[in-house]
Novice: 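Right, I'll just put the structure down here and ask away after.
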Amino acid sequence: QGLLRSDSIPEVGEDAAATVSMAETLSEEEQEELRKELAKVEEEIQTLSQVLAAKEKHLAEIKRKLGINSLQELRQNITKSWQDVTSTTAYKRTSETLSQAGQKASAAFSSVGSVITKKFEDVRNSPTFKSFEEKVENLKSKVGGSKPAGGDFGEVLNSAANASATETIAEQTEE
């Protein structure tokens, strides 16, 4: 009957004076009943702790007999956790979004590459570049390089630079 009372029970850390005044309002009979129940609950807690410890020991023994060690358990836990994560809708949405972003980025890079290639072709086909290319070819033929005309553009530029330097030196020696 004392358990069904509506009086508040002091929480851990509450004022000790409140606890004393509560004990004074209980009759001796109610206090004795509560002490018996307290002892019974503490005994049940201890019994449950012992049962839990015995079950954990039995579990460890079964795992040992099966050859399951901590590392294997960790691997299984990680695998299961990863499966749990990958099955969530948030992961699926994120994965789909990243996949779409990757596809769009790939398409963008591809189109940028195409644009750059087109621009280089436009520059190479421009009248200014054609004129420059002709001047370089003329210069090369004046120098009289032993290589056939129309060589690698880098080689033509090097040849033109050498020819220009040679002409400058020849002009300086004539003066």
Side-chain angles (χ1 to χ4, degrees), residues 8-15 44-175:
S8 66
I9 299 173
E11 294 292 324
V12 174
E14 281 192 21
D15 189 38
E44 288 175 353
I45 290 172
Q46 187 173 6
T47 302
L48 289 172
S49 294
Q50 290 170 350
V51 169
L52 180 60
K55 292 281 186 186
E56 287 176 338
K57 185 177 179 182
H58 184 63
L59 174 70
E61 183 63 25
I62 291 172
K63 285 181 179 180
R64 186 189 63 76
K65 286 180 180 178
L66 289 173
I68 299 172
N69 61 28
S70 300
L71 184 58
Q72 289 171 326
E73 278 188 87
L74 179 63
R75 284 182 190 153
Q76 289 173 349
N77 289 340
I78 290 173
T79 301
K80 182 168 180 354
S81 297
W82 181 248
Q83 289 171 345
D84 292 346
V85 166
T86 56
S87 66
T88 63
T89 55
Y91 176 84
K92 289 177 182 176
R93 286 182 189 156
T94 303
S95 178
E96 289 171 9
T97 302
L98 290 175
S99 176
Q100 290 172 358
Q103 290 171 355
K104 288 179 182 178
S106 177
F109 286 132
S110 176
S111 66
V112 166
S114 298
V115 168
I116 290 172
T117 301
K118 175 80 171 99
K119 289 295 180 187
F120 277 137
E121 288 175 10
D122 291 348
V123 167
R124 187 161 192 170
N125 293 329
S126 72
T128 306
F129 186 82
K130 292 283 186 191
S131 173
F132 176 71
E133 196 172 32
E134 286 175 16
K135 288 179 183 176
V136 169
E137 286 295 325
N138 288 337
L139 186 60
K140 183 177 178 192
S141 65
K142 283 182 184 177
V143 172
S146 59
K147 294 183 182 176
D152 180 61
F153 185 70
E155 292 173 4
V156 172
L157 285 177
N158 284 335
S159 174
N162 288 338
S164 176
T166 306
E167 286 179 359
T168 305
I169 293 171
E171 289 173 0
Q172 289 174 354
T173 54
E174 288 176 1
E175 296 176 350

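In this text the structure is predicted, and so the values were computed from the model without any measurement.
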Novice: Quick one: side chain to side chain donor-acceptor pair (under 3.5 Å) partners of Asn125, sequence neighbours excluded?
Specialist: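 Partners of Asn125 by the side chain to side chain donor-acceptor pair (under 3.5 Å) criterion come out as none, since no residue qualifies.
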Novice: Kindly check if the number of other-residue, nucleotide or ligand heavy atoms within 6.0 Å of CD (Gln46) is above 12?
Specialist: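 Count not over threshold, so no.
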Novice: When rounded to the nearest 0.5 angstrom, what is the spacing between CD in Glu134 and CD in Glu137?
Specialist: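 Result: 9.0 Å between the selected atoms.
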Novice: Measure the OG1-CG distance between Thr79 and Leu74 for me, rounded to the nearest 0.5 Å.
Specialist: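 Spacing of OG1 (Thr79) from CG (Leu74) equals 9.0 Å.
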Novice: Distance-only, no hydrogens or angles: does the Ser114 side chain make a donor-acceptor pair with backbone N or O of Ser110 under 3.5 Å?
Specialist: yes
Novice: Quick one: does any side-chain atom of Ser81 pair with a main-chain N or O of Asn77 as donor and acceptor, under 3.5 Å?
Specialist: yes
Novice: Could you give all pairs that pass the ring pair (Phe, Tyr, Trp, His ring centres under 6.0 Å) test and reach residues 60-79, with sequence neighbours left out?
Specialist: none
Novice: Would you say the side-chain atoms of Thr117 pair up with the backbone N or O of Gly113, donor to acceptor, closer than 3.5 Å?
Specialist: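 The answer is yes, because a donor-acceptor pair under 3.5 Å joins these two groups.
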Novice: For Glu61 and Arg64, what are the C-alpha separation, side-chain angles and deciding distance, and is it a salt bridge (Lys or Arg N to Asp or Glu O under 4.0 Å)?
Specialist: CA-CA 5 Å; Glu61 183 63 25; Arg64 186 189 63 76; 2.4 Å; yes
Novice: Tell me, with the steps shown, if Lys135 and Ser131 meet side chain to side chain contact (heavy atoms under 4.5 Å, CB included).
Specialist: CA-CA 6 Å; Lys135 288 179 183 176; Ser131 173; 3.9 Å; yes
Novice: Look up atom CD in Glu133 and atom OG in Ser126, then write down how far apart they are to the nearest 0.5 Å.
Specialist: 10.0 Å
Novice: Tell me which pairs pass salt bridge (Lys or Arg N to Asp or Glu O under 4.0 Å) where either residue lies in residues 66-79, with sequence neighbours left out.
Specialist: Lys63-Glu73
Novice: Nearest 0.5 Å please: distance from the CG atom of Leu59 over to the CD1 atom of Ile68.
Specialist: 9.0 Å
Novice: If you round to the nearest 0.5 Å, how far is CD of Gln76 from CG of Leu71?
Specialist: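 Here the rounded value is 10.0 Å.
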Novice: Under 3.5 Å, is there a donor-acceptor pair between the side chain of Gln72 and the main chain of Asn69?
Specialist: yes
Novice: One pair to check against side chain to side chain contact (heavy atoms under 4.5 Å, CB included): Lys92 and Thr89. What are the steps and the verdict?
Specialist: CA-CA 5 Å; Lys92 289 177 182 176; Thr89 55; 5.5 Å; no
Novice: Tell me whether Ser95 contacts the main-chain N or O of Tyr91 through its side chain, where contact means a donor paired with an acceptor under 3.5 Å.
Specialist: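 Here the side-chain-to-backbone pair does not exist.
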Novice: Salt bridge check: are Glu121 and Arg124 linked by an N-O gap of less than 4.0 Å?
Specialist: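 The answer is no: the pair does not qualify as a salt bridge.
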